[in-house]
Amino acid sequence: PVYGTGVVFYLDQYGRIRGIMTWGLPFAKNGKLNSLLVDRLKKVVATNGTISRDQHRITIPMVDDSQLGAEHLSNETKYIASLALNGNSKKSVQDESYHKLPKPLYRFT
């Protein structure tokens, strides 16, 4: 069994995002689906993470910003968790409480 909360990005052999799995995060409130969360997950998969790279570019200085990196996915995980827990997209990547979300214990990249 898996305990706690988390987000996993499924990549194919070419490094393209093919799916996202979340657990322990609310996706509905009072029987109503969190459409902001679901739409964000769809956009990340549909754009192969480009939306993540573009949104988090400010907080992640990279030499080659055309590449999606582990830092982008880490920040996207925090953003997804924020959408799930707060139910809105008002938190920005510069918000102090946004950066207080913990980093994963293990990361395989």
Side-chain angles (χ1 to χ4, degrees):
V2 178
Y3 300 102
T5 60
V7 177
V8 173
F9 296 89
Y10 289 96
L11 308 176
D12 66 11
Q13 66 266 30
Y14 303 107
R16 294 182 299 236
I17 298 174
R18 294 300 186 185
I20 302 172
M21 178 180 71
T22 66
W23 69 93
L25 294 172
F27 60 89
K29 186 175 183 179
N30 299 327
K32 188 175 179 186
L33 190 64
N34 182 343
S35 60
L36 287 173
L37 173 64
V38 174
D39 289 343
R40 181 61 180 204
L41 296 174
K42 288 179 182 179
K43 285 179 186 175
V44 171
V45 173
T47 64
N48 189 33
T50 302
I51 192 170
S52 305
R53 186 193 68 217
D54 294 344
Q55 181 172 353
H56 305 302
R57 181 176 288 151
I58 297 167
T59 59
I60 303 171
M62 297 198 57
V63 175
D64 181 11
D65 66 351
S66 67
Q67 295 292 316
L68 182 67
E71 296 85 7
H72 295 105
L73 295 180
S74 176
N75 277 355
E76 184 62 31
T77 297
K78 292 177 184 181
Y79 187 73
I80 289 169
S82 177
L83 282 176
L85 297 172
N86 296 318
N88 62 49
S89 60
K90 300 269 190 256
K91 294 238 182 250
S92 81
V93 292
Q94 287 81 26
D95 189 346
E96 184 178 325
S97 63
Y98 174 84
H99 290 287
K100 289 182 180 178
L101 290 170
K103 291 189 174 192
L105 294 176
Y106 300 101
R107 181 183 303 148
F108 300 98
T109 55

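Cluster annotation: V44 and L33 are assigned to the same hydrophobic cluster (Ile/Leu/Val/Met/Phe/Trp/Tyr, side-chain heavy-atom contacts under 4.5 Å, transitive).
One N or O on the side chain of N48 and one on the backbone of I17 form a donor-acceptor pair closer than 3.5 Å. A donor-acceptor pair is defined here as one N or O able to donate and one able to accept, closer than 3.5 Å; no such pair exists between the side chain of N30 and the backbone of K32.
Separation of atoms CG (L73) and OH (Y79) is listed at 15.5 Å; rounding is to 0.5 Å. Between atom CG of residue L41 and atom CZ of residue F9 there is a gap of 8.0 Å, rounded to the nearest 0.5 Å. The line from CG of L36 to OG of S82 is 10.5 Å long, rounded to the nearest 0.5 Å. From N75, atom CG reaches atom OG of S52 across 9.0 Å, with rounding to the nearest 0.5 Å. If you take CD1 on I20 and CD1 on I80, they are separated by 4.5 Å, rounding to the nearest 0.5 Å.
P26 and L85 make their closest contact through CD-CD2, 3.9 Å (heavy atoms, listed as atom of the first residue, atom of the second, distance). The two residues I51 and R40 make their nearest non-hydrogen contact at CD1-NH1, 3.6 Å.
The salt bridge (charged side-chain N to carboxylate O under 4.0 Å, His left out) pairs that include a residue from residues 43-52 number zero, where partners must be two or more places apart or lie in different chains.
For the pair V7 and L25, the minimum side-chain heavy-atom distance is below 4.5 Å.
No donor-acceptor contact under 3.5 angstrom links the side chains of S35 and D39, judged on distance only.
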